[in-house]
Amino acid sequence: MNSVEAKKILETALICAPQPLAVREMRALFDDALGADTIKALLEQLQEDWALRGVELVQVASGWRMQSRAQMRRYLDRLVPEKPARYSRATLETLAIIAHRQPVTRGDIEDIRGVTVNSLTIKQLEDRGWVEVVGHRETAGRPALLATTAQFLDDLGLRSLGDLPALPDDAAADATAGDLLQDVLQPAAQADEVGEDADDRAGCDDE
């Protein structure tokens, strides 16, 4: 099979796939007749082929996918007038802390944010598929350890946690959760810009 035909097969599979495709899955398209290096080289060629179009081929945590370019979003949004899901400041702050400090417990998050974390906030992130329990800390009560998922990286268009914007060295001690929200997660999460929660403005707990 020549490279032109192989690229056509890969292109079709990527356009039709409902989720990112891993290289091992794409090898199955050819009964493993093409190696991983060959598949990756063809994917790079496809990226160049689509370089000037409104759709691009990108690699995320779970594999490769076709997606619209960021500059096309304002046009596509006209097809779906419903507003995107709104996430509170507390929710995005919590997610930012988990992303940068994982694995963390609810108590760790509360120490950083300075307020009690509402259990519904954690549940919302779990239901969204962005956060999961990966173990338990061997301390009193064995609190759950929380970490982000591959779905979180996919939704943000990232290959790995290393692609998250770096924080200052003193972020753990000095950066506010609002800084984490603004610099890391709010644009990527595609949430509407929202102000501080009323509870946070009053200096109260999330509960």
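Note that the coordinates shown come from a computational prediction; the quantities given were computed from them, not determined experimentally.
- Annotation: Arg142, atom CZ; neighbour count of heavy atoms from other residues, nucleotides and ligands within 6.0 Å is above 12.
- One finds the CZ atom of Phe152 at 7.0 Å from the CG atom of Leu161 (value rounded to the nearest 0.5 Å).
- Across all non-hydrogen atoms, the minimal contact from Thr121 to Ala90 is CG2-O, 4.3 Å.
- Side-chain atoms of Arg69 never come within 3.5 Å of backbone atoms of Glu56 as a donor-acceptor pair (strictly under, hydrogens ignored).
- Looking at every heavy atom in both residues, Pro20 comes nearest to Asp154 through CG-OD2, 3.9 Å.
- The cluster map of Ile, Leu, Val, Met, Phe, Trp and Tyr, joined by side-chain heavy atoms under 4.5 Å apart, puts Trp50 and Leu76 in different clusters.
- In this structure the side chain of Gln102 never reaches within 4.5 angstrom of the side chain of Val131, judged on heavy atoms.
- With a 4.5 Å cut-off between side-chain heavy atoms of Ile, Leu, Val, Met, Phe, Trp and Tyr, the cluster of Leu145 takes in Val134.
- Remark: Asp32 engages Arg27 in a salt bridge (Lys or Arg N to Asp or Glu O under 4.0 Å) (not counting sequence neighbours).
- When the side chains of ILVMFWY residues are joined at heavy-atom separations under 4.5 Å, either directly or via intervening members, Leu92 and Leu153 end up in a single hydrophobic cluster.
- For the atom pair CG of Leu10 and CD1 of Ile15, the computed distance is 11.0 Å after rounding to the nearest 0.5 Å.
- Looking at every heavy atom in both residues, Gln151 comes nearest to Asp155 through NE2-OD1, 2.6 Å.
- Contact check for Leu46 versus Leu14: side-chain heavy atoms found under the 4.5 Å cut-off.
- The OG1 atom of Thr38 sits 10.0 Å away from the CZ atom of Phe30 when rounded to the nearest 0.5 Å.
- Residues Leu57 and Val55 share a single hydrophobic cluster, defined by chaining ILVMFWY side chains whose heavy atoms lie under 4.5 Å apart.
- The closest side-chain donor-acceptor pair between Asp49 and Gln45, if any, does not fall under 3.5 angstrom.
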Please report the C-alpha distance between Thr91 and Leu125 in whole Å, then the side-chain angles of each, then the deciding distance to 0.1 Å, and finally whether the side chain to side chain contact (heavy atoms under 4.5 Å, CB included) criterion is met. CA-CA 8 Å; Thr91 299; Leu125 295 174; 3.7 Å; yes
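- Contact between Leu29 and Ala13 at its shortest, heavy atoms only, is CD1-CB, 3.7 Å.
- Rounded to the nearest 0.5 Å, atoms CD (Gln47) and CH2 (Trp64) are 4.5 Å apart.
- How far CD1 of Ile122 is from CD1 of Ile109: 4.5 Å, rounded to the nearest 0.5 Å.
- Smallest separation of non-hydrogen atoms from Ser119 and Arg106: CB-NH1, 3.6 Å.
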Take Val104 and Ile112, measure what side chain to side chain contact (heavy atoms under 4.5 Å, CB included) needs, and give me the verdict at the end. CA-CA 11 Å; Val104 294; Ile112 294 172; 5.8 Å; no
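- Residues Gln19 and Ser62 have side chains that never bring a donor and an acceptor to within less than 3.5 angstrom of each other.
- Salt bridge annotation for Arg89-Glu93: present, with a cationic side-chain nitrogen under 4.0 angstrom from a carboxylate oxygen.
- Looking at heavy atoms from C-beta onward, Pro103 lies out of side-chain contact with Arg137 at the 4.5 angstrom threshold.
- Using a 4.5 Å cut-off between side-chain heavy atoms of Ile, Leu, Val, Met, Phe, Trp and Tyr, with links allowed through other members, Val58 and Leu42 fall into different hydrophobic clusters.
- Classification of Asp77 and Arg73 as a salt-bridged pair fails, no side-chain N sitting under 4.0 Å from a carboxylate O.
- Counting heavy atoms from C-beta on, the side chains of Leu43 and Met26 come closer than 4.5 Å.
- By the neighbour-count criterion of 12 heavy atoms within 6.0 Å, atom CG of Leu52 is sparsely surrounded, having that number or fewer from other residues, nucleotides or ligands.
- The side-chain heavy atoms of Arg101 and Asp108, taken from C-beta on, include no pair separated by under 4.5 Å.
- At a threshold of 4.5 Å between side-chain heavy atoms, the hydrophobic network of Ile, Leu, Val, Met, Phe, Trp and Tyr places Val133 and Val117 in one connected group.
- Of the possible polar contacts, one joining the Asn2 side chain to the Val4 backbone as a donor-acceptor pair under 3.5 Å is found.
- In summary, the side chains of Arg65 and Gln67 do present a donor paired with an acceptor at a separation below 3.5 Å, with no hydrogens or angles considered.
- Note that the OG1 atom of Thr105 and the NE2 atom of His136 stand 11.0 Å from one another [nearest 0.5 Å].
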